[in-house]
Amino acid sequence: MKIYNTLSKRKEEFEPLEEGKVKMYVCGPTVYNLIHIGNARPMIVFDTVRRYMEHKGYEVNFVSNFTDVDDKIIKKAIEEEVDASVISERYIAECKKDMQAMNVKPATTHPKATEEICGMLDMIGTLIEKGHAYVAQDGTVYYRTRSFKGYGKLSHKNIDDLQGGNRSLLVTGEDQKEDSLDFVLWKPKKDGEPYWESPWCNGRPGWHIECSVMSRKYLGEEIDIHAGGEDLIFPHHENEIAQSEAANGKPFAKYWMHNAFLNIDNRKMSKSAGNFFTVRDISEKYDLQVLRFFMLSAHYRSPLNFSAELMEAAQNGYERIVTSVTNLNYLLENAASDTMSEDEEKLAQEAKGYIALFDKAMDDDFNTADAIAAIFELVKFANTNTKQPCSRQFLQSLKEEIVMLSDICGLIVEKKQEMLDSDIEALINERQAARKEKNFKRADEIRNELLDKGIILEDTREGVKWKRA
C-alpha cells in the first residue's frame, strides 16, 4: 500500500509505527453552522481510507475533533443571545446527523476543544519552559516560530520568504510579537466571550494548539497519519508540527494526507457568489449516498468540480450498482439450484479478478476513481453472467462481492424494502392477538421483525403507536 505523503512530496510504502495498528487524526469542522459540501469531502475521503485500512486487517484508532470555541461560534452566540456552548452543541448534533446520512462512521473519539483545555495549558507551559514560546505584556502567549528549525518542512515554504506574515497569522497586538511570524497559543478574553483561567491570563486557546494536544492525548506523541483539506497545510498543520515536535521531542506524524479543493461550477465556493451549498441543501434533492459516490468518483488529491450535471451522472452510477444488487436478490429468490456448477465455479473465480483490481487501485494512494471502475466491471460481469438460470451459491457470491467492495467505499447498495403501512398494521394486529393468547414469544418476534425493518412500536394507553426510524 502506497500513500502520497505531503511531507516528502512523493508516494511512500505504508509501514505503520506498530504492526497491525493505525493511529489516524483528521481535523474536524468548526461547529458554528451546518456543514457544507467542502467539509464533506475530507469526511468522506478519510472515512474511506479508514474503511480500507480496516478491510486490510488493521485496527484503526481514528480521531477527529470538533472545534467548539472560535470567533464565529462566539459571534453567532452573541447574535442569538445564548451561551457559545448552545451553538456548538447544536451544530455538533447536526453535523453527526449529516455524517450518518453520508454513511461516515463515527470516529473512535470525537474530542471537543473546550474539554481539553488542561492539556493545552500543559503543552503551552512546556513550550515556554523549552524556550519555544513567550508571554507578552497582556498575557498573550506566542509561539517563537524561528526557534523550531524545521518550520516550513510540510508546506515546503522557506521561513525567510514568509517574513511579513501570512494574513491568517496576524492578530491584534502585532507589536507585542518578537517576530511577525510568531503565532498565538493563548489569548486574553474579551468582554462577553467564554474564557478559562491560566497562569498567563484569563482567556482561551489559539486554534492550532488544540489539535496538537488532542492528537497526543488520544493517539500518543507519534502517529501514523494526519489528514485534512489542503487548505490546512499552511499555517495550521505547519504550526501543529512546530508545537508538537518542539514539546514532545519526537516526529509528530509519519504520513500527511491532504484532499484537494472542491469547486462549484468551476468557481471557488462562496456565499457571496451564490454557489454555496450545505450538505443539508444537497439532501433535499439527492440521497446523500449519491453525494458520497460523487466525492469518490475522483482521486482525493485531484480538484473536484461540483455541478448539477455531475451529480446526475453520480446518481446514475450509484443506481447502476444498486439495481444490480436488487436484481441479484430477485434471482436468489428464484434460484435454479443450491450449488455451483463447474462452469459457475470458473466464473466465480474470474469474478475475484475484479476484487484484485479494486485492491490494486486502493493500494495506489486510495485511487477511489479506479476502485469504483472495478466495481462497475464486476457489476457488468454479474449482469452478463446471470441472464440464464443460476445457482443460489453463485448468485450469493456475486452479490456479496459487490456489496463488500461498495461497503469499503461506504456506499450502501443493498436497500431494505420499505414496508407498506397495511403490512405493518397487519403485523401489529397479529402481535396484539398473540399477546391476548399469552403467546409472548410470537409477540416479541413480531416486535423484533418490525424493528429490523426500521419500524418502532410504542405501547400506550390509547393502543399501539408506530413510527419509522
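Sorted by first and then second residue, the side-chain hydrogen bond (donor to acceptor under 3.5 Å, both in side chains) pairs involving residues 348-359 (not counting sequence neighbours) are K352-E401. The side-chain hydrogen bond (donor to acceptor under 3.5 Å, both in side chains) pairs that include a residue from residues 63-75 are Y25-N65, N65-T67, N65-E210, T67-E210, D68-T114, D71-R204, K75-E79, where partners are two or more places apart or lie in different chains. For residues 76-115, the set of pairs meeting the ring-ring contact (aromatic ring centres under 6.0 Å, His included) definition, not counting sequence neighbours, comprises F66-H110. Residue pairs meeting the side-chain hydrogen bond (donor to acceptor under 3.5 Å, both in side chains) criterion with at least one member in residues 26-36, sequence neighbours excluded: H36-N39.
Checking side-chain atoms of D224 against main-chain N and O of M24 turns up no donor-acceptor pair under 3.5 Å. Remark: side-chain polar atoms of R292 are paired, donor with acceptor, to backbone N or O of C409 under 3.5 angstrom. The main-chain N or O of N61 is never found under 3.5 Å from a side-chain atom of T108 such that the two would form a donor-acceptor pair. Side-chain N or O atoms of N334 include one that pairs as donor or acceptor with a backbone N or O of Y330 at under 3.5 Å. Here the side chain of Y4 pairs no donor or acceptor atom with the backbone of H258 at under 3.5 angstrom. Side-chain atoms of N263 do not come within 3.5 Å of backbone N or O of N305 as any donor-acceptor pair. Within the 3.5 Å criterion, the main-chain N or O of A298 finds no donor-acceptor partner in the side chain of S302. Between the side chain of H156 and the backbone N or O of T6, at least one donor-acceptor pair lies under 3.5 Å. One N or O on the side chain of E245 and one on the backbone of F252 form a donor-acceptor pair closer than 3.5 Å. A donor-acceptor pair under 3.5 Å is absent between the side-chain atoms of H55 and the main chain of D407, judged by distance alone.
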**Message:** Applying side chain to side chain donor-acceptor pair (under 3.5 Å) to E19 and Y58, what does each step give before you reach the verdict?
**Reply:** CA-CA 8 Å; E19 189 174 351; Y58 289 104; over 6 Å; no
**Prompt:** For D364 and K11, what are the C-alpha separation, side-chain angles and deciding distance, and is it a salt bridge (Lys or Arg N to Asp or Glu O under 4.0 Å)?
**Reply:** CA-CA 9 Å; D364 183 15; K11 288 182 187 177; 2.6 Å; yes
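The NE2 atom of H226 sits 4.0 Å away from atom CH2 of W256, with the distance rounded to the nearest 0.5 Å.
Using a 4.0 Å cut-off between charged side-chain N and carboxylate O, R442 and E437 make no salt bridge.
Among all heavy-atom pairs drawn from P16 and G20, the shortest one is CG-N, 4.4 Å. Shown here for M340 and S397, the closest heavy-atom pair between the two residues is CE-OG, 4.0 Å. Nearest heavy atom pair, residue N103 against residue R51, reads O-NH2, 2.9 Å. Taking every heavy atom of both residues into account, S337 and T339 meet most closely at OG-O, 3.5 Å.
Taking the side-chain hydrogen bond (donor to acceptor under 3.5 Å, both in side chains) definition, one finds that Q315 meets it with nothing, sequence neighbours left out. Partners of F261 by side chain to side chain contact (heavy atoms under 4.5 Å, CB included), not counting sequence neighbours, listed by chain and number: E230, D231. Every residue meeting the side chain to side chain contact (heavy atoms under 4.5 Å, CB included) condition with D98, not counting sequence neighbours, appears here in chain and number order: I35, V279, R280. Contacts of K157 classified as side-chain hydrogen bond (donor to acceptor under 3.5 Å, both in side chains), with partners at least two apart in sequence or in another chain: none. A426 pairs by the side chain to side chain contact (heavy atoms under 4.5 Å, CB included) definition with nothing, not counting sequence neighbours. For S244, the side-chain hydrogen bond (donor to acceptor under 3.5 Å, both in side chains) partners are S212, not counting sequence neighbours. Qualifying side chain to side chain contact (heavy atoms under 4.5 Å, CB included) partners for Q100, counting only residues two or more places apart in sequence or in other chains: none.
With 3.5 Å as the limit, one finds no donor-acceptor pair spanning the side chains of D343 and S341. Using a 3.5 Å distance cut-off with no hydrogens or angles, the side chains of Q393 and D338 do not pair a donor with an acceptor. Looking only at atom types and distance, the side chain of N5 has no donor-acceptor partner in the side chain of R10 under 3.5 Å away. Using modelled atom types, one finds no donor on one side chain facing an acceptor on the other under 3.5 Å when comparing Y255 with E15. No side-chain donor from either of E238 and H208 sits under 3.5 Å from a side-chain acceptor of the other. Side-chain polar atoms of E344 and S391 form a donor-acceptor pair below 3.5 angstrom.
Between R90 and V31 the shortest side-chain heavy-atom distance does not fall below 4.5 Å.
Seen from the ring of Y300, R41 does not count as a face-on cation partner, given the 6.0 Å and 45° thresholds.
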Please output the side-chain donor-acceptor pairs of residues 372-390 that fall under 3.5 Å, not counting sequence neighbours, one pair per line with the distance.
| from | atom 1 | to | atom 2 | distance (Å) |
| --- | --- | --- | --- | --- |
| N383 | OD1 | S324 | OG | 3.2 |
| N383 | ND2 | V379 | O | 3.4 |
| T384 | OG1 | K380 | O | 2.8 |
| N385 | ND2 | F381 | O | 2.8 |
| T386 | OG1 | A382 | O | 2.6 |
| Q388 | NE2 | N385 | O | 2.9 |

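Aromatic ring orientation, F294 versus F306: perpendicular (interplanar angle above 60°, classes split at 30° and 60°).
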